[in-house]
Every structure is written in C-alpha cells, then in structure tokens.
Amino acid sequence: MKDTVKPYDKEGSKKEQVAKMFNTIAPRYDLLNRLLSFGIDKIWRKKLVKAVRAQQPGNIVDLATGTGDVAMALTRIPDVPITGLDIAKDMLALAKRKSRHHNMQDRITWIH
C-alpha cells in the first residue's frame, strides 16, 4: 500500500495535520488570499451569492469556511440560516471575530 501524503510529518492523522497547517497560516490567510487571487476573490464571492440566492435555499452550510468570508458574504441573502464549519480552530476563531466586527454574529452559526 502506498504511503499517504501528509502535509507535515508522520505524526498524527491527515485531519490533524491539515488542521495544524491551516491553524499555522490563519493570521495571514486573508491577506494571502487577497494577494494571490489579485482581489478576484471578492468578485467570485459576489457571483456565488447571486447564484445561491437564485436557488432560494432554506439553509446554507459553508464547509471548510476558513476565516468565514464566504459565509459572511452569504448573509446578503435575507432570512436564511447560515452555518460555517471548519476543522481549523484558529481559522474559525478569526471568522467569529470578523462576524462580530461586522455585526453578523446572529446570522451565522460557527461549528468546529
């Protein structure tokens, strides 16, 4: 059987190692995303909100929500409960802080 590729060392499960990797980059993630996408991330989030709104969802789940930018963008769709889920606790902590800062904490349920 082939060895599984792991982002760090041979200690811990793949899930633990992925969470560790994203926890490590959490403080710089938003800046890196903006720079590496040349700002296009804002444009595709607007397109995503438009496409999701057209589906008239009853609930929205943002898997691997990271720092919560997609979940927070989706709050533009009124009266739809949103859940953001992530395995990286530090990424989710940033998402929670950002949602409080933008007064969106009552629109999104964050799950680790």
Side-chain angles (χ1 to χ4, degrees):
M1 180 190 281
K2 289 185 174 183
D3 287 334
T4 303
V5 175
K6 295 186 177 182
Y8 283 104
D9 51 37
K10 294 183 181 191
E11 297 298 319
S13 69
K14 183 176 180 180
K15 177 182 174 182
E16 292 167 335
Q17 291 190 33
V18 169
K20 181 179 177 182
M21 178 183 65
F22 279 101
N23 284 329
T24 300
I25 65 170
R28 298 173 301 284
Y29 183 83
D30 286 340
L31 176 62
L32 291 171
N33 187 37
R34 189 73 20 88
L35 291 173
L36 293 174
S37 74
F38 298 102
I40 294 172
D41 59 305
K42 288 183 173 184
I43 295 168
W44 69 254
R45 273 194 296 279
K46 286 180 184 178
K47 289 182 178 186
L48 174 71
V49 170
K50 185 178 178 181
V52 171
R53 183 180 313 199
Q55 298 298 313
Q56 299 178 333
N59 293 289
I60 298 172
V61 177
D62 180 15
L63 298 174
T65 195
T67 62
D69 284 348
V70 169
M72 287 184 279
L74 289 165
T75 64
R76 294 184 195 121
I77 304 171
D79 304 320
V80 177
I82 300 166
T83 302
L85 182 97
D86 206 284
I87 62 170
K89 64 178 175 41
D90 293 349
M91 296 285 270
L92 210 53
L94 282 170
K96 289 176 184 179
R97 279 198 298 273
K98 286 167 46 177
S99 68
R100 283 192 303 270
H101 178 76
H102 295 290
N103 201 28
M104 298 176 180
Q105 69 274 13
D106 295 335
R107 289 289 319 277
I108 308 168
T109 301
W110 303 107
I111 299 175
H112 176 259

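Just so it is clear, the values below take in all heavy atoms, side chains as well, and ignore hydrogens, waters and symmetry mates.
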Extract all donor-acceptor atom pairs below 3.5 Å that involve side chains of residues 79-92 and protein atoms in other chains or at least two apart in sequence.
residue	atom	partner	partner atom	Å
Asp86	OD1	Ala88	N	2.8
Asp86	OD2	Thr65	N	3.2
Asp86	OD2	Gly66	N	2.7

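- Residue Thr67 holds its OG1 atom at 6.0 Å from CE of Met72, rounded to the nearest 0.5 Å.
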Exercise answer: donor-acceptor pairs, residues 40-49 side-chain atoms, under 3.5 Å, sequence neighbours excluded:
residue	atom	partner	partner atom	Å
Asp41	OD1	Arg34	NE	3.1
Asp41	OD1	Ser37	OG	2.9
Asp41	OD2	Arg34	NE	3.1
Asp41	OD2	Arg34	NH2	2.8
Asp41	OD2	Arg45	NH1	3.4
Asp41	OD2	Arg45	NH2	2.9

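- Looking at residues two or more places apart in sequence or on another chain, you find a side chain to side chain donor-acceptor pair (under 3.5 Å) between Ser99 and Trp110.
- Here the CD1 atom belonging to Ile77 is positioned 4.0 Å from the CD1 atom belonging to Ile60, to the nearest 0.5 angstrom.
- Residues passing the side-chain contact (heavy atoms from CB on, under 4.5 Å) test with Leu31, sequence neighbours excluded: Leu35.
- At a threshold of 4.5 Å between non-hydrogen side-chain atoms, the residues Lys96 and Arg100 count as touching.
- Residue Phe38 belongs to no hydrophobic cluster, having no ILVMFWY side-chain heavy atom closer than 4.5 Å to its own.
- Side-chain heavy atoms closer than 4.5 Å link hydrophobic residues (I, L, V, M, F, W, Y) into clusters, and following such links, possibly through other members, connects Met21 to Tyr29.
- Considering only heavy atoms from C-beta on, Thr109 comes within 4.5 Å of Ile111 through its side chain.
- Among residues two or more places apart in sequence or in another chain, the side-chain contact (heavy atoms from CB on, under 4.5 Å) test is passed with Glu16 by Ser13.
- Among all heavy-atom pairs drawn from Thr75 and Arg107, the shortest one is O-NH1, 2.7 Å.
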